[in-house]
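This report concerns only the one structure given below.
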Amino acid sequence: MLVVKKNALILLASVLGSILLALIIYLMIILAGTTINDSKLVMKATTSLVDQNGEVISQLYIENREIVSIYDVPEHVQEAFISIEDSRFRQHQGIDFRSIGRALYRDILAGAKVEGGSTITQQLAKNVFLTNEKTLLRKTKEVLIAMNLERRYSKNELLEMYLNRIYFGHGAYGIQAASTLYFNKDVSELSIEEGALLAGLPKAPNSYSPITNPERSKQRRDLVLTVMENQGKLQAGEAKQLRGKTVVINRKPQDDDAYLTYIDMVIDEAERRFHLTHEEVLTGGYQIVVPLNRTLQEVSYEKIRDSNFLPNENADAEAAIVLMNVETGGVLAVQGGREYVRRGLNRVNVKRQPGSAFKPLAVYAPALEQGSHPYTLLVDQLLDYNGYSPRNYNSVYSGSMTMYDALTYSANAPAVWLLNELGINHSVETLKTFKLEIEDAGLAIALGGLTKGVTPLELTASYRVFANEGKRIDPYFIEKIYDQNGEELEGEVLEEQVVVSPQTAWYMTRMLEAVVDKGTGSVGEVTTPLAGKTGTSSFSPVEGATMDAWFVGYTPTVVGSVWMGYDVTSAERYLKGGSTYPTVLFKEMINELPQNLREVAFQRPEHVQELEPPVQLPDQTILTATFSIGGRGFSSILLEWTGNDDERIHYHIYEITNDERKRIATVINGQQFFISSANPFTSKMYEVVPFDSVTAQEGESSNKAEVKFKLGIH
């Protein structure tokens, strides 16, 4: 028995020894591969954004940073970071086993990972030398590098490197850049509550940003203050007073503020089309050629910030702007908000309710593709579709109107009637060709009533179909990318797709011109040809309140959209005006188009039929009837009436006898008609009705004319 136990102990010791030896070898191998490379502590190569003429627009770098000495960072700011991130920073040697144990215990109690055990030194090791992959090997390397860092540098040096390295959101790396961005002051001037706010950011810079999430930022700042109080670094009374303060930021304007949205979208597209990570773009020393137009980018920045383009009561409302080159699809200018910050909420990509700006896409273009004509008559009545009764904005219904007029004056009832006739499935399938994927399958899509909505960038790309012979292309922000050796990178190629016929696109352009000329988009002055559509969505809990206001339109060279509204609409915060405001803003930008982007008129493509102006039937037709002797035949009745020279207007001639009314002729291209008669004392009366030969619609009847006797030759 003793021999068996002895052998068992020897076996166990051998196994444990083998495991320990393997672990030591494993750690030695890792340690050999985790030497600290000081070059990783220096700045990377700068990437340049250049326009198509090769002129530098902006420099891109991963670290908007200014290095500061630890001795320039107030002690209360240092303690704020140490308190919330690593309370035993001054005591441990890179790894805090007590914190790791506490974190494991709390994770076990919670049944999930709720607390991290990384020290400041470990975070520095990860940020400088390692990736964010979550593997045992990466975590082991982090620990070993942290231990090496602790042996090579003092605590003050480590804290200095950490504070100069960490990311604070909106492109600010390092505490000096963060202090300048959020408070417009040097780090040495930071107050206790300001330092606490900054200390709370590294955990989740976007979530706790005082610019985009001020309430969450305050909660996080107050937590830091409470932790400092619990650790004896603040007196209870002082901590309570500081927690009572509101978050006040004083953001410093940057030289490239006008370009921030564009820069962010370039970085995103480089990842999507060229498979470059954000860090690779910012540190790789690339030259990126963009289709941006400086004039339009700066004009759009200036005007989106101007409160004069908003209702008086809505100076705090938000807006977004996109302008795109019709011919190429390159984005000329973009603004993601009135006070956009780097990596902030980009409203160009936020889905909103498009309102009537959706009608051309969901209803009229699909109908034209199915054989309708701009002058096809639509039913304009208040109808019930299984409980859905769309109303015209003015509650006036004419019985029928042309597609042309329905679009021009943005009548709702005809649009819904036409969609019902067309079929919702056909509309949804057509929208897919515009790359507009919607979840909805109801008649409300005719009026832009969508579950999730569409983005300004999506609407801009969709209207480009009408501006460019029915073809769509994805908007792009990058023409080419060259590496440091001047070699062009290969990326995803963007190709045009045919969405509608050139004829449909041209008809839509002519109708959308009428919207701007005399319809809902006629407000404001414009100095270049313009076609477009307005759109508003209502905030139903408050009568007359607007949630989203739009203008989407195009010139022969530029297509774009303007959205206005609030990020979150409520009974207290809603627009007190409609599409008038984005329409005027759009026109004011278009009026400043550079000369090379100006054209005198839209050019009709070859083999496309022109859309004649709508027929204007006379409001009043005056008819006279005269019995003549010596005219055509022995005697005749001459009918003459007022009219115009539009050959598309025909005239129906009606003969009225007692209670009977009978059409006896139709006159084309003329304002008189002879009727042979042998009786000069006829009791018949006559009536002329103008007839629109395009829509097959009669106008107002003339007066009823009695025959008068006249001797003469005609």
Side-chain angles (χ1 to χ4, degrees), residues 70 73-92 95-124 127 155-156 158-160 162-163 165-170 172 174-176 178-179 181-183 185 187-251:
I70 191 66
V73 181
E75 185 176 350
H76 57 259
V77 176
Q78 297 180 37
E79 294 302 332
F81 281 88
I82 292 173
S83 295
I84 196 66
E85 291 292 339
D86 185 3
S87 60
R88 300 185 65 253
F89 172 69
R90 303 283 184 191
Q91 287 78 47
H92 63 65
I95 307 170
D96 189 353
F97 292 104
R98 185 185 302 178
S99 294
I100 293 173
R102 182 178 64 249
L104 287 173
Y105 174 71
R106 292 181 178 176
D107 288 351
I108 292 170
L109 289 181
K113 185 171 178 58
V114 296
E115 182 173 331
S118 293
T119 64
I120 283 178
T121 316
Q122 285 177 261
Q123 292 181 52
L124 178 63
N127 290 339
K155 288 293 184 179
N156 275 348
L158 291 170
L159 185 59
E160 179 181 295
Y162 172 78
L163 292 177
R165 277 275 163 190
I166 51 178
Y167 183 53
F168 288 89
H170 306 300
I175 193 167
Q176 179 61 44
S179 180
L181 172 66
Y182 295 116
F183 304 114
K185 62 172 60 174
V187 65
S188 62
E189 301 171 349
L190 288 172
S191 64
I192 297 175
E193 71 273 13
E194 290 169 344
L197 186 146
L198 294 183
L201 290 177
K203 180 179 177 64
N206 292 330
S207 297
Y208 297 128
S209 165
I211 295 174
T212 56
N213 294 298
E215 186 57 37
R216 293 195 69 185
S217 180
K218 181 180 185 304
Q219 293 171 0
R220 179 69 176 167
R221 180 205 67 181
D222 291 350
L223 173 63
V224 175
L225 293 170
T226 299
V227 171
M228 293 177 70
E229 176 189 353
N230 293 340
Q231 295 179 9
K233 297 170 183 175
L234 283 178
Q235 297 296 321
E238 184 181 21
K240 181 179 180 180
Q241 179 187 15
L242 293 174
R243 285 192 295 267
K245 291 188 175 184
T246 58
V247 173
V248 178
I249 61 172
N250 179 23
R251 180 172 173 264

For the residue pair [X] and [Y], what are the closest heavy atoms and their distance?
X: P74; Y: L190; value: CG-O, 4.3 Å
X: K155; Y: F89; value: NZ-O, 2.6 Å
X: P214; Y: V247; value: O-CG2, 4.3 Å
X: E194; Y: S191; value: OE1-N, 3.0 Å
X: P210; Y: I249; value: CB-CG2, 3.7 Å

Sequence neighbours excluded, which residues qualify as side-chain contact (heavy atoms from CB on, under 4.5 Å) partners of A199?
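By the side-chain contact (heavy atoms from CB on, under 4.5 Å) rule, A199 matches A80, F81, I84, V224.
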List for me each residue that meets side-chain contact (heavy atoms from CB on, under 4.5 Å) alongside E160, sequence neighbours excluded, and say none if there are none.
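Only S69, I70, N164 meet the side-chain contact (heavy atoms from CB on, under 4.5 Å) criterion with E160.
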Could you list all the salt bridge (charged side-chain N to carboxylate O under 4.0 Å, His left out) pairs where at least one residue sits in residues 75-85, not counting sequence neighbours?
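Checked against salt bridge (charged side-chain N to carboxylate O under 4.0 Å, His left out) - neighbours excluded - the pairs reaching residues 75-85 are E79-K233.
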Within this structure, what is the [atom1]-[atom2] distance for the pair [X] and [Y], rounded to the nearest 0.5 Å?
X: T119; Y: I82; atom1: OG1; atom2: CD1; value: 12.0 Å
X: L234; Y: I192; atom1: CG; atom2: CD1; value: 5.5 Å
X: K185; Y: S179; atom1: NZ; atom2: OG; value: 7.0 Å
X: L201; Y: S207; atom1: CG; atom2: OG; value: 10.5 Å
X: Y182; Y: L197; atom1: OH; atom2: CG; value: 8.0 Å
X: F168; Y: Q176; atom1: CZ; atom2: CD; value: 10.5 Å

Which residues pass the side chain to side chain donor-acceptor pair (under 3.5 Å) test with N206, not counting sequence neighbours?
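Applying side chain to side chain donor-acceptor pair (under 3.5 Å) to N206 gives none.
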Check side chain to side chain donor-acceptor pair (under 3.5 Å) between D222 and all other residues, then give those that pass, not counting sequence neighbours.
K218
Please examine the side chains of I166 and I175, heavy atoms only from C-beta on, and report whether any two atoms are closer than 4.5 Å.
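A side-chain contact under 4.5 Å is absent here.
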Side-chain contact test, heavy atoms from C-beta onward, threshold under 4.5 Å: evaluate it for V73 versus L159 and give yes or no.
no
Please tabulate, for side-chain N and O atoms in residues 237-245, each donor-acceptor pair with protein atoms closer than 3.5 Å (sequence neighbours left out).
{"unit_1": "R243", "atom_1": "NH1", "unit_2": "T226", "atom_2": "OG1", "d": "3.3"}
{"unit_1": "R243", "atom_1": "NH1", "unit_2": "E229", "atom_2": "OE1", "d": "3.0"}
{"unit_1": "K245", "atom_1": "NZ", "unit_2": "E193", "atom_2": "OE2", "d": "3.4"}

